[in-house]
Structure formats: structure tokens, C-alpha cells
There are 2 protein chains.
Amino acid sequence: MATPAASPALPTAADGPEGRQRVLDEAAALFLARGYAETSLRGIAAAAGMKAGSVYYHFASKEALLEAILRRGMEVMVQAFDDAESATRDRDGRTRIAAHVRAHLAALFEHGPYTAAHVTTFRTAPPAVRDAIVPERDAYEAMWTRLLGELVTKSEIDGDTPIGLSRLILFGAMNSSLEWFDPGRGSLDDFAETVTRQLWKGIAG
Amino acid sequence: MATPAASPALPTAADGPEGRQRVLDEAAALFLARGYAETSLRGIAAAAGMKAGSVYYHFASKEALLEAILRRGMEVMVQAFDDAESATRDRDGRTRIAAHVRAHLAALFEHGPYTAAHVTTFRTAPPAVRDAIVPERDAYEAMWTRLLGELVTKSEIDGDTPIGLSRLILFGAMNSSLEWFDPGRGSLDDFAETVTRQLWKGIAG
DNA sequence: GTCTATACCACGATAGAC
DNA sequence: GTCTATCGTGGTATAGAC
């Protein structure tokens, strides 16, 4: 039997993603675990099963690699937001907020290390990388601002609190959970519900 | 006139703190601005007006310097908490929470770079440094847990939400403001009041 | 697409003069 | 208490074979 022309028996799709994707995955995981500056290209290469020099076939520099990861992390967040929006566009405000909180937290904890790596490394990323990614971040923030503004218009959210501040406070509450929440020990649904309840009604007795 | 015996005319107290303190101040500011790994001892020394080798007269290593900064940052937070506690111990729950939120934010933005540097560098600090500082962090967290528990007992806080989670959500909201709040552009009092209001009553309309 | 080999540099840290 | 000088290590990145 001759090998099928369309799929030659090469060790590509069999065990794991191909080189570039492997580098991306492992680098994101390492940046998340140890930080950008603390992670060496040699370490990334080793985790991806190759030598340091080979990484440069896929990425022009360590900064370019970081930028690709930050961009991917942002795409995951935007996708999560869009899905939540499609699912709850016609529901009440509390339901919509709950869905978006759940979606954001899922992007952090359930859709790979990219979004989490974005959140934790952005602050100390090299200025050139930060600047390159700012437009994507602004777009995501604008999606939330639009959602909250819509709910204020419908009087589902109190009009007194500035929604810009509310959004930043909510983002801080959600993103900082990377430092302590372990999805293996607690339910993400329960956590998302607690965040939503506290955001919605507060803690007053 | 002979120079007074108690204060010889040496260039010590005149312009700025002495060596060790200068290193501490500048290192904290640099760790906050750029991160621990991204900041070199040469850069710290230059900011403190000395050469790299001289830093080792004051600190055994870069890690020891970081540990001293993290510890100082924690002391500032604890002091802020104690002050707020003394000032509002007999007041109602909402007033006490407001004072503590204000105090924590003041520690981040108004009492030097130590607390802010602690918050931003702890996550990626070398494990040995993290381990050494964990007891102090636990003690501060216990102060908050005790406060919130007391308010639950008095039914000033809703007993349904687990206070451990509420504390982490509140810490995340406050600490993450380091990434965007500029005390030169906005009032810290106003910001603290917004955080307190959102924590207490939520955003529901 | 990955390898080996290496250039080049910045880093943390140390030793000893002053 | 600060300096100069330097050591050794590990970092990013490149060149060229395979």
C-alpha cells in the first residue's frame, strides 16, 4: 500500500501541536508561573522540547513571543465576552452580568494560560510590547463599558456610581483571583456567583 | 567657634537620608515601577547615588534587599489598619469599613512606595523571600478577617457571603488600583468612598 | 525545522584599597 | 561607608550545518 498522498506518515499531528504552537503554549505557562523577566528562552525551549536557538525560527525575539501571547490572551477574553453576550443579550441585567463575570473568569482559568498570562505580565512588560497591545485592551474595556452603560440606561444599575470606576473595581476583583483561586479546589461557578452577588447587592446585612 | 561636639559638620542629615535608607527608598520605587527581576543592582545603586558594590555593605544580597522592602511594606499596612481601628472601633460597621478601606488605599498611595512594591512584587518574588514574608501577610489578613467576622456577628454584614471570599475580592479591588489610579489626578477620599459604597450596597439600581 | 557552537553582554556578587 | 576592579554565570541572539 502506498501512503495516502494527502497525509504522509510524518510525526506532526500525532503527538501534540507543532513547534510554534508548543513554544507559545509553554511560554505562556511559564510567564504565568514565574513572570516574563524570570523566564529564560532556554527554559521555554526545553519545555517545548527543543533548543534555545530553534525558538528563533518561530519568533524574532523574546519580546515578539510575549506580544503574541498577550494578543492571544486578549482574543480569548473577547471571544468569551462575545459568547456571553450572544447567550444573554435579551435577559435581565443581573443575569447578563453573571454570564459575563463567569465568562471572564473562565477565560482566566479554563481556556489555557494565555489570558492569565496577559493579566499577570502586562504590568511589567517592556514598554514597546505594552504599547503594541494597548488598542486590543481598550477594545475589550469598551465592550464592558458599553454593557454597563446599557444597564444604567435601563435603570438596572444604579446611576450614581461612575461605571468606569465600577468596571475597574470589578476587573481588579476578578483578575486578582489569579493569585489565590484554585479551580481544582473550588467551583468556578460558585466563585463567579459570589463575585456577581457581591457586585450586585454588596455585603451589607 | 568650635563645632558642637554632638553634631560634627558632616554631610549626613543635611541632604536626604543616609545610605541604607536611600538604597531602600530607591529600590522600592524601582521595584514598583519596573518589577524586581527587571531592576538591576547597578540601577538601584545609581538611583541612591552610589556604586553597585557599595550596596553590599548594607544588604547581603538583592533578595535580602527585597525582603526588607516587603517587610517594611507590610508594617505600613499594619500600622494603617491599627490607626483606623483605634479611630473607629466604636462606630457602625459601614463607618469602620470605610475607614479601613481608606487606610489601606492610603498605605498604597500616600505612605511611600513600600506597600505598593510589596503588593506588586510578591507574586513573582523568589520563593525563599515569599516564604519568609508569609507570616506577616497572614497576620494582616487575620486582622481583616477578625474585623469582618465581628461585623457579621453584629449582623451589620450579611451572613450568607463567606467573609474569606469577600476579603479576597475587596483586596483584589483595592490592590489592583495600583495599575490605574493616579492620586495626582483623582481624590483618594472619593475613590475610597466609591469602593466602600460598591462593597456595601453593590451596583444594582 | 531543529541542531551545535558561539558571540556578546549584563547581571549579581566579592576582594581589597581608601 | 564607598570606591575600583574583576570574577563567574547565565542571558538573548546569531550563523551555519544538517
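We use all heavy atoms of the structure for the numbers below, so side chains are in, but hydrogens, waters and symmetry mates are not. Convention: sequence-line order gives letters A, B, ...; per-chain numbering from 1.
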With sequence neighbours left out, what residues match [X] under salt bridge (Lys or Arg N to Asp or Glu O under 4.0 Å)?
{"X": "R167(B)", "result": "E141(B)"}
{"X": "E75(A)", "result": "none"}
{"X": "R71(A)", "result": "E67(A), E136(A)"}

Each nucleotide of nucleotides 2-18 of chain D classed B (base within 4.0 Å of a protein heavy atom), S (only sugar-phosphate) or -, in 5' to 3' order, makes BBB------BBBB----
Filter on side chain to side chain donor-acceptor pair (under 3.5 Å), then keep only pairs touching residues 173-191 of chain B, sequence neighbours left out; what's left?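 Non-adjacent pairs meeting side chain to side chain donor-acceptor pair (under 3.5 Å): R102(B)-D189(B), H104(B)-N175(B).
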Atom-to-atom span, CD of Q21(B) to P of dG1(D) - whole angstrom: 13 Å
With sequence neighbours excluded, residues passing ring-ring contact (aromatic ring centres under 6.0 Å, His included) with F181(A): F109(A), F191(A)
